[in-house]
Structure formats: C-alpha cells, structure tokens
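What follows is one structure encoded as structure tokens, with my remarks underneath.
Since the structure is predicted, the reported quantities are computational estimates derived from the model, not experimental observations.
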Amino acid sequence: GTGASLWWPNKDHQSDEPDSMRLSCAVPNNLQCIANGQNKGTTNEGDYTRYHWFVSYPINNYGVSVTIGNFAHFSDVYVSGKDTLQLNYYVLAYNLEKAKKQFEQVKPMLACYEKFLGPYPFWRDGFALVETPYLGMEHQSGIAYGNNYKTGYNGMDYSRIGVDFDYIIIHEAGHEWWGNSLTTADIADMWVHEGFCTYSESLYIECLYGKEKALQYINAKIPWVSNDGPIIGPYGVNHEGSGDMYNKGMLILNTLRSIVDNDEQWFAMLKGLQTQYKYGIVTQDTILNYFNRKTGKDLTSFFKQYLFYPDIPTLEYKIEKHKKGTQLAYRWKADVPDFNMPVKLLDENGDYQLLQPETGKWKTLNLKTGKNSDVQFARDLYYINVQKL
C-alpha cells in the first residue's frame, strides 16, 4: 500500500486512474530501461541513453514500473483471429535459452484466458515479461518475472498434484484482467484482484487438462487457508484483508460456480465482468450486484459470510433410524443468520441430489438405504465444513 507517490507526484489511490502515461528514463549506455507499454525509442545523452515508453490505456499507479539492467531481448507474436499481439521478453543474457523454453507457456496461457475472460485487455501496448531479482509483480503490459525459470512457485508445487507450469507467468498474467483492467477502488477489496486471479489459474488448468484436474488443483489449496480473518479489510484506511484472499478467494469462486450450476452461464458471467467493467473501477458491491442481477438470485448472505467473517459455514447433519426408514437431517451453522446456500448430496446411485439447507433450521430427507450408514456431500464443489452430530 506504500505506493507510487514516493516516486512522483500523483493521486496515489486506486479509485482513479490516468487515461495514459509517458515514462522517460535515462540510464548509462551499457544498460537499458524497460517500462510499461510501447517502446517509443531512445535519445542519446552522451554517457546516458534516455528510453521513452508510452502506456495508451488507463493504468493504476501500482502497476507502473521501470526495470534497469543489461538485458537480452527476444520477441514473438500471439495470433487471435485476424489480430496479432506483440510479445516481448527482456532477460539476463545468460538466461536467454532458458527463457526461450520457459516462455513457451505464454501463448497457450493467453489462448486459455481469452477463451474464458475475453481478449488480452492491453492489445496496443503488447505483452511483456521482464526478468527481475524478485519473484514477480503484475506490472501492466510489462510483468516482472523472477521465478528462476522453475515450475510452481520458485520450484515449489503448493498444490502437490503434479501440474507442471510456471506459477509466476500464469498468475501475474491473470492480473492483466483482474487488477489492471478491472480495478477495485479500495485495497480493502483486493480479494477481487487476487481471488479472481488465483481462480484463473484453475481456468488455465481446466483449459489444458480438464475440469477434474482443475477441481483437484482448487481443493489442494485448502490446507493453505488459515481462516484467520475476513478477506475484506476495513474500508477507507488503505488496509487489505487477510492473505487468504488468494486461495480462499479461489475456493469461494469455485463454490459460487457450483451454486450457479450452469457452466455456460458461469463463463458468460466471468467474461461479462471483464466486458462490462473493462478499464473500470469497481467495489465489492459492484461484484455482488452484478452476480445478483445475472443469476437472478440473492447472493448477499453468501458473499457476506465468506468475505466478512473468518469462518466458513458448517453443514451439520445427523442420520436417524425411524420406523419408516432412515432419515437425514441437515442445517447450516453460520455467522450470517439467513445463510441458505444449496449443497449437493451424492446419493446411493452415485448421482447428485440438491439440498437446500437453512441456518438454524433442521430439514430432513428420507434415505433409500435401510442401513444407518453415512452420507457423502460434494465437498470438492463447495468450500465448507461438514460436521456429523
């Protein structure tokens, strides 16, 4: 949250963005300065060379960056229909061959994100990766890359499901849609940037490996969620919510997809968010109202429980034997009094049966089996606790 005003006079707040930006940086002749947007050439200044860059789209202050170094440059193009996107890569010379191999992930990633989220938002300015001495950052059209040409997060696969991709490339590029194009007005709502972006990692996996692998990836992140605080922070004081906004945000969106229970509608809504609020400023209320409007459901209690409270809802159930058979009783235990999210039960035939639990009120279902056995809920589709009483 300590930002760009340390470097140049500006309105250092996410609620507004300049519609474009020029960057000029003079460096010793043996170095280059790489920044956001389009390279507009250089000016000779004796022992120094001045580099000129131009960003032709709105840009948030924290997405502005200059990186100075002795770089090797190579380029490529991504073709979508009749349009061509320029890809530029700036790396340290001794990593050039590694980078050419590692950055082959970019074009398939762009195709997957375009499929689910719409075209890359900053087409005129191109897409770039710039090698840095830190892990990464979503600088608009000039992403910082420092993952050491390893898979996972600097070589660590936190999902532990063996999906072989470079986390920094896939995650930071996702921010071109979530955070750079669509930006929140207050960093209290940064879960919109990080949660949707982390969920986009699963879309990349679904695109390449299928939905089941994506579900494995999403649910493998449950152990990394601490539920230590709300993922929405206090408004108006430049304060983020819990770091759970990444993985918990992804799990929340997977849960919301299961509530919608219509993938065609779900993906249309994701792409619609990007279309309707492209280069725009949003709040959490914008997101809530959008999903309420598009689904025709009142999702207020859902978002309130998952975003404003640290604990996730618990599905309490009990199985009771009666004269007429076996009965399942179930209800929600939640902080929000009117929390009433649907959930799926796997029945004896292996089919899903939709239940509509309510908070504090027992509902019942007659089970076909005569045994006083346990039941199985679709835990991979919902981020919930389940407790048998």
Side-chain angles (χ1 to χ4, degrees), residues 4 6-8 20-57 59-79 84-110 120-155 165-176 179-180:
L6 293 176
W7 291 88
W8 78 91
S20 59
M21 182 173 283
R22 292 187 182 275
L23 296 97
S24 175
C25 180
V27 297
N29 290 334
N30 63 328
L31 300 174
Q32 301 109 50
C33 174
I34 313 302
N36 310 80
Q38 306 167 31
N39 186 341
K40 292 297 186 179
T42 60
T43 303
N44 188 307
E45 298 186 0
D47 293 336
Y48 282 76
T49 300
R50 183 171 296 277
Y51 287 77
H52 304 283
W53 295 84
F54 178 64
V55 180
S56 66
Y57 296 91
I59 184 169
N60 58 56
N61 287 330
Y62 76 77
V64 178
S65 176
V66 295
T67 307
I68 300 168
N70 188 357
F71 294 108
H73 169 247
F74 67 102
S75 61
D76 201 347
V77 292
Y78 168 72
V79 179
T84 300
L85 173 67
Q86 187 70 32
L87 310 176
N88 287 295
Y89 305 120
Y90 303 90
V91 302
L92 299 181
Y94 54 80
N95 287 328
L96 182 60
E97 294 308 313
K98 286 182 183 178
K100 287 181 177 179
K101 179 66 177 176
Q102 195 79 349
F103 295 172
E104 288 176 359
Q105 297 177 51
V106 169
K107 288 196 280 189
M109 171 199 67
L110 288 172
Y120 174 72
F122 307 106
W123 203 273
R124 292 190 304 272
D125 289 354
F127 175 93
L129 294 176
V130 186
E131 186 168 355
T132 58
Y134 53 94
L135 272 168
M137 181 65 188
E138 61 265 28
H139 303 134
Q140 184 172 307
S141 67
I143 294 167
Y145 175 83
N147 206 37
N148 297 308
Y149 306 97
K150 296 178 180 179
T151 57
Y153 188 84
N154 201 18
F165 70 90
D166 188 313
Y167 170 86
I168 292 297
I169 295 175
I170 307 307
H171 180 86
E172 303 304 347
H175 277 302
E176 296 283 40
N180 294 348

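Taking the side-chain hydrogen bond (donor to acceptor under 3.5 Å, both in side chains) definition, one finds that Thr42 meets it with nothing, sequence neighbours left out. Every ring-ring contact (aromatic ring centres under 6.0 Å, His included) that Tyr90 has, sequence neighbours left out, goes to His73. Taking the side-chain hydrogen bond (donor to acceptor under 3.5 Å, both in side chains) definition, one finds that Asn39 meets it with nothing, sequence neighbours left out. Residues forming a side-chain contact (heavy atoms from CB on, under 4.5 Å) with Pro28 (at least two apart in sequence, or on another chain): Asn30, Leu31, Tyr48. By the side-chain hydrogen bond (donor to acceptor under 3.5 Å, both in side chains) test, Tyr51 pairs with no residue at all, sequence neighbours left out. In this structure, the ring-ring contact (aromatic ring centres under 6.0 Å, His included) partners of Tyr57, at least two apart in sequence or on a different chain, are Phe122, Tyr279. For Phe74, the ring-ring contact (aromatic ring centres under 6.0 Å, His included) criterion is met by Tyr89, not counting sequence neighbours. Residues passing the side-chain hydrogen bond (donor to acceptor under 3.5 Å, both in side chains) test with Arg50 are Ser24, Glu45, sequence neighbours excluded. Glu104 is linked by a side-chain contact (heavy atoms from CB on, under 4.5 Å) to Lys101, counting only residues two or more places apart in sequence or in another chain.
For Ser75 against Gln86, the heavy-atom pair with the smallest separation is CB-NE2, 3.6 Å. For the pair Trp8 and Met21, the tightest heavy-atom approach, listed with the atom from each and the gap, is CZ2-CE, 4.0 Å.
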- Evaluation steps, side-chain contact (heavy atoms from CB on, under 4.5 Å), between Thr67 and Cys33: CA-CA 6 Å; Thr67 307; Cys33 174; over 6 Å; no
- Message: I'd like to know whether Gln38 forms a side-chain contact (heavy atoms from CB on, under 4.5 Å) with Trp53, so could you lay out the CA-CA distance, the side-chain angles of the two residues, the decisive distance to 0.1 Å, and finally the verdict.
- Response: CA-CA 5 Å; Gln38 306 167 31; Trp53 295 84; 5.8 Å; no
- Message: One pair to check against side-chain contact (heavy atoms from CB on, under 4.5 Å): Thr151 and Tyr167. What are the steps and the verdict?
- Response: CA-CA 7 Å; Thr151 57; Tyr167 170 86; over 6 Å; no
- Item | Test side-chain contact (heavy atoms from CB on, under 4.5 Å) applied to Val55 and Ser20, step by step | CA-CA 5 Å; Val55 180; Ser20 59; 5.7 Å; no
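In this structure, the side chains of Phe103 and Leu129 come closer than 4.5 Å at one or more pairs of heavy atoms. Within the 4.5 Å cutoff, the side chain of Phe127 has heavy atoms near those of the Leu85 side chain. Side-chain contact between Cys25 and Ile68 is present, with heavy atoms from C-beta onward closer than 4.5 Å. Looking only at side-chain heavy atoms (C-beta outward), Val64 and Asn36 come within less than 4.5 Å of each other. Looking at heavy atoms from C-beta onward, Ile169 lies in side-chain contact with Met109 at the 4.5 angstrom threshold.
Under a cut-off of 6.0 angstrom, the local environment of CZ in Arg22 is sparse, with at most 12 non-hydrogen atoms contributed by other residues, nucleotides or ligands.
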For residues 138-147, dump all side-chain donor-acceptor pairs below 3.5 Å to protein atoms at least two apart in sequence or in another chain.
| from | atom 1 | to | atom 2 | distance (Å) |
| --- | --- | --- | --- | --- |
| His139 | ND1 | Ser65 | OG | 3.4 |
| Gln140 | NE2 | Pro58 | O | 3.1 |
| Ser141 | OG | Gly37 | N | 2.9 |
| Tyr145 | OH | Tyr149 | N | 2.9 |
| Tyr145 | OH | Asp166 | OD2 | 2.6 |
| Asn147 | OD1 | Asn154 | N | 2.6 |
| Asn147 | ND2 | Lys150 | O | 3.1 |
| Asn147 | ND2 | Gly152 | O | 3.0 |
| Asn147 | ND2 | Asp166 | OD1 | 3.0 |

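Screening residues 32-41 for salt bridge (Lys or Arg N to Asp or Glu O under 4.0 Å), with sequence neighbours left out, gives no hits. Residue pairs meeting the salt bridge (Lys or Arg N to Asp or Glu O under 4.0 Å) criterion with at least one member in residues 63-78, sequence neighbours excluded: Asp76-Lys107.
For Trp123 (side chain) and Thr84 (main-chain N/O), a donor-acceptor pair under 3.5 Å exists by modelled atom type. Between the side chain of Gln32 and the backbone N or O of Phe71, at least one donor-acceptor pair lies under 3.5 Å. Put simply, the side chain of Asn60 gets close to the backbone of Gly63: a donor and an acceptor are under 3.5 Å apart.
Atom CG of Leu135 sits about 9.0 Å away from atom CD of Glu172, to the nearest 0.5 Å. Taking CD from Gln102 and CD1 from Ile168, the interatomic distance works out to 11.0 Å, rounded to the nearest 0.5 Å.
Between Ser56 and Asp125, the side chains place a donor N or O and an acceptor N or O closer than 3.5 Å (distance only, hydrogens not considered).
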